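Chain A is the first sequence line, chain B the second, and so forth, proteins listed ahead of strands; every chain is numbered from 1. For clarity, every value in this text was computed on a predicted model and none was experimentally measured.
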Number of protein chains: 2
Amino acid sequence: MLKDIIKTSKALSDETRVRIVILLMRNELCVCQLMEILGMGQSTVSKHLGILRNAGLIEVEKRGTWSFYGLSRDKANKHNLDFIRILSSLPKNDPFIQNDEKKLIKVNKRGITFCNTIELGRRIRERSNHAG
Amino acid sequence: MLKDIIKTSKALSDETRVRIVILLMRNELCVCQLMEILGMGQSTVSKHLGILRNAGLIEVEKRGTWSFYGLSRDKANKHNLDFIRILSSLPKNDPFIQNDEKKLIKVNKRGITFCNTIELGRRIRERSNHAG
DNA sequence: TTCCTTTATCACGATATAGTGATATATTAT
DNA sequence: ATAATATATCACTATATCGTGATAAAGGAA
């Protein structure tokens, strides 16, 4: 369906969402881990994840209070795999991707711990204020 | 580059632009022919074509006052071919595509003639007003 | 030249989207 | 029950985008 392709294109027309998909190609992540990597507030990240999920690109698995997001294994929208394949063919030396990957490694090393999303959001906001 | 992929995704995140690309997969068309098929004003069509061109998906060839648009043969952005391939794998029975194809055949049959874009735009606007 | 045409671009209004803070819900621990 | 946490959703602002009419630029015919 034309509509499905447009929905997926729209989902991938935002830099933040493409970054999320590329991160999830490596391993699953929860919302607060993505906050840390992306440097964005909890509601922002959650909204982006909703859009990607609605397009069928990613799926969620709840464990306790955490929501773990990963690439969709559902093959309903067969075109989505082609879109993912395009993203996976991106060269690894892209500065954005490299930077995210560095943070991903750090976040993975720490593992899942209580991070207090409200506090974390505040720290993130401060960082970006300092950066200008 | 990540930026290129996002630019192409954004270009294909609009229904009108996807319709244009699918039409141009069949044969080249000028702006006023696309107006007729899409049922949109000249400035709108021209703007969409500019976005698709900026993304490297299509290219233009001027002949006299006419600008003929077709799929880009430039291989600079190698991912664009993958996007085009996704669109070309769409089933032909999609209602939107079928309708456009019908109009494409009619427009092709008529060929290139002076159509007076301002008048044409007025007629198009009237049609859409009648349709609601 | 003057007139008519096609196309690109500008300015505008209406709508859509990104990012945010506050709030609501749900889970877990005490 | 109460407290702390993670997440989703709502309401809001700032910004971006779509579609349009008017205008400008450029080619072709009289």
Open item on the list: Which residues in residues 22-31 of chain B have a heavy atom closer than 4.0 Å to any atom of DNA chain C?
Closed with: B:Cys30, B:Val31

Task: Touch class at under 4.0 angstrom, heavy-atom based, for A:Arg17 against every strand present - done: sugar-phosphate

Open item on the list: Is it the case that D:dA8 (base atoms only) and A:Gln42 (side chain only) share a donor and an acceptor within less than 3.5 Å, ignoring hydrogens and angles?
Closed with: yes

Task: A:Glu36 and its salt bridge (Lys or Arg N to Asp or Glu O under 4.0 Å) partner, picked from A:Lys106, A:Arg127, A:Lys103 - done: A:Arg127

Open item on the list: Less than 4.0 angstrom between a side-chain N/O of A:His48 and OP1 or OP2 of C:dG19, yes or no?
Closed with: yes

- [ ] Test the B:Arg53-B:Tyr69 pair against the cation-pi criterion, namely NZ or CZ under 6.0 angstrom from the six-membered ring centroid and within 45° of the ring axis.
- [x] no

TODO: Select base, sugar-phosphate, or nothing to describe what A:Ser43 touches, counting heavy atoms under 4.0 Å on all strands.
DONE: base

TODO: Would you please confirm or rule out a distance under 4.0 Å between OP1 or OP2 of D:dG19 and any side-chain N or O of B:Thr16?
DONE: yes

Open item on the list: Counting only side-chain nitrogens and oxygens, does A:Arg63 get under 4.0 Å of the OP1 or OP2 atom of C:dT27?
Closed with: no

Task: B:Lys10 side chain near D:dT17 phosphate (N/O to OP1/OP2, under 4.0 Å) - done: yes

TODO: Examine the base of D:dG27 for any acceptor or donor lying under 3.5 Å from a partner atom in the side chain of B:Lys62, and report the outcome as yes or no.
DONE: no

Open item on the list: Tell me whether the side-chain N/O atoms of B:Tyr69 come closer than 4.0 Å to OP1 or OP2 in C:dA8.
Closed with: yes

Open item on the list: Counting C-beta onward and ignoring hydrogens, is there a side-chain heavy-atom pair between A:Asn80 and A:Ser72 closer than 4.5 Å?
Closed with: no

TODO: Give a yes/no on whether any side-chain N or O of B:Ser46 is located under 4.0 angstrom from OP1 or OP2 of C:dT7.
DONE: no

Open item on the list: So, OP1 or OP2 of D:dA8: does either fall under 4.0 Å of a side-chain N or O from A:Arg53?
Closed with: no

Open item on the list: Suppose we call a contact any N or O donor and acceptor under 3.5 Å apart; does that hold for the side chain of B:Thr65 and the base of D:dG28?
Closed with: no

Open item on the list: Using OP1 and OP2 only, check whether a side-chain N or O of A:Arg125 sits under 4.0 Å from C:dG21.
Closed with: yes

- [ ] If a pair satisfies ring pair (Phe, Tyr, Trp, His ring centres under 6.0 Å) and one of its residues is in residues 97-122 of chain A, list it, with sequence neighbours excluded.
- [x] A:Trp66-A:Phe114

Open item on the list: Need one value for B:Ile51: base, sugar-phosphate or nothing, where a base atom within 4.0 Å counts as base even if backbone is also close, heavy atoms only.
Closed with: sugar-phosphate

